[in-house]
There are 2 protein chains.
Amino acid sequence: MTIGEVSEKYGITTDTLRYYERIGLIPPVPRKKNGIRDYDEESCGWVYLVKCMRSAGVQIEPLIEYVALVQANTGLERRKNILLEQREKLLAQAEHLRSTIDLLNYKIEHYKEMIPKKSRK
Amino acid sequence: MTIGEVSEKYGITTDTLRYYERIGLIPPVPRKKNGIRDYDEESCGWVYLVKCMRSAGVQIEPLIEYVALVQANTGLERRKNILLEQREKLLAQAEHLRSTIDLLNYKIEHYKEMIPKKSRK
DNA sequence: CCTTGACTTAAAGTTGACTTAAGCTGTTAA
DNA sequence: TTAACAGCTTAAGTCAACTTTAAGTCAAGG
């Protein structure tokens, strides 16, 4: 799979895909003899994981550390801790999101009551 | 209430509070004769709302528009729509967060299985 | 042969959201 | 009364995470 196809598939620009690889957010992608990236299942899996985590708000730094450990095949305990830490953050975020949505619901109800009385046009 | 007290109360620096006011994220705060800000209930309410929305990920721009409309006492319909739009975004984000947390749970389970076999130290 | 799409490094530019600096003034404690 | 403090303003600076530009090379397809 070419970088262009992967870009299409996940909605990430080719520039960003190369950037991710450069900074170690995903492990080096296998190349064809001519040096062109040839994404396999595994690389796609990494891209998917990063896309998912990043869009959920996980910072780049912990992900880079995690990827480095997986590549070095070490730090099992540390890897688990990184995942646990990030999960904690996401759980807190989800909780905060819920209460903010409640606040919005409350305000929106207020407008629903106000508006029908005015608009007629 | 001085800016310092408000800063303390909501965990927002005085710099940020002034910045918020300057860009219209909260309406102008009342002043004492000497020009020093004197936050009342209403201003504190705005600070709280902004803190809540911002930390949930709501963009500054729509909030500025909303605040401007409230101040001009117009655009009831538009205000409601802004709130509806932001709620939609937060709901989508909450859903995405949930699935990402699931993915993390899955990966963490994997590490829980791997680790006990090795570590004995 | 030439266009297309891939590749490289390195650096500058962008965006969103603050933060800091510089240079004031006004109130309070020693 | 004088020095420390908290406040004031505007403009410039910072940071993360990209994005774009420069300035090329390389190789396959029409």
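Numbers restart at 1 for each chain; the letters A, B, ... are given by sequence-line order, proteins then strands.
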Reported CD-to-OG1 distance for the pair Gln93(B) and Thr100(B), which is rounded to 0.5 angstrom: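 Going from the CD atom of Gln93(B) to the OG1 atom of Thr100(B) covers 10.5 Å.
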
Rounded distance [0.5 Å steps], CG in Leu104(B) versus SG in Cys52(A):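 Those atoms lie 8.0 Å apart.
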
DNA chain D: 5'-most and 3'-most nucleotides touching chain A, 4.0 angstrom heavy-atom criterion: dA17(D) to dT20(D)

Strand contacts (DNA chain C) in residues 82-94 of chain B, 4.0 angstrom heavy-atom criterion: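 Residues of residues 82-94 of chain B that come under 4.0 Å of DNA chain C do not exist, since none gets that close.
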
Nucleic acid contacts - residues 34-70 of chain B versus DNA chain C, non-hydrogen atoms under 4.0 Å: Asn34(B), Arg54(B), Gln59(B), Ile60(B)

Ile26(B) CD1 - dA17(C) P separation (whole Å):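 Whole-Å distance recorded here is 16 Å.
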
Any side-chain heavy atom of [X] sitting closer than 4.5 Å to one from [Y]?
X	Y	result
Ile3(A)	Arg18(A)	yes
Ile115(B)	Lys112(B)	no
Lys80(B)	Met114(A)	no
Arg79(A)	Thr74(A)	no
Leu103(A)	Leu49(B)	yes
Val6(B)	Thr2(B)	no

Pairs where residues 23-34 of chain B contributes a residue and the test salt bridge (charged side-chain N to carboxylate O under 4.0 Å, His left out) is met, not counting sequence neighbours: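 Only Glu21(B)-Arg31(B) qualify under salt bridge (charged side-chain N to carboxylate O under 4.0 Å, His left out).
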
Salt bridge (charged side-chain N to carboxylate O under 4.0 Å, His left out) contacts in which one or both residues fall within residues 38-60 of chain A, not counting sequence neighbours: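 Sorted result for residues 38-60 of chain A: empty, none.
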
Residues that [X] engages under side-chain hydrogen bond (donor to acceptor under 3.5 Å, both in side chains), provided they are two or more places apart:
X	result
Arg22(B)	none
Thr13(A)	Thr16(A)
His96(B)	Ser55(A)

Glu5(B) vs Leu25(A), nearer the 5' end of DNA chain D by closest nucleotide: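 On the 5' side of the pair lies Glu5(B).
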
Interface with DNA chain D, restricted to residues 13-24 of chain A and to heavy atoms under 4.0 Å: Thr13(A), Asp15(A), Thr16(A), Tyr19(A), Tyr20(A)

Pair assignment for DNA chain D - dot-bracket with | for other-strand partners, Watson-Crick or G-U under 3.5 Å: ||||||||||||||||||||||||||||||

Table please: side-chain donor-acceptor pairs of residues 59-70 of chain A below 3.5 Å, with sequence neighbours left out.
residue	atom	partner	partner atom	Å
Glu65(A)	OE1	Arg78(A)	NH2	3.0
Glu65(A)	OE2	Arg78(A)	NE	2.8
Glu65(A)	OE2	Arg78(A)	NH2	3.3
Tyr66(A)	OH	Tyr111(B)	OH	2.9

Listed partners of Glu88(B) passing side-chain contact (heavy atoms from CB on, under 4.5 Å), at least two apart: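 In terms of side-chain contact (heavy atoms from CB on, under 4.5 Å), with neighbours along the sequence ignored, Glu88(B) is linked to Leu91(B).
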
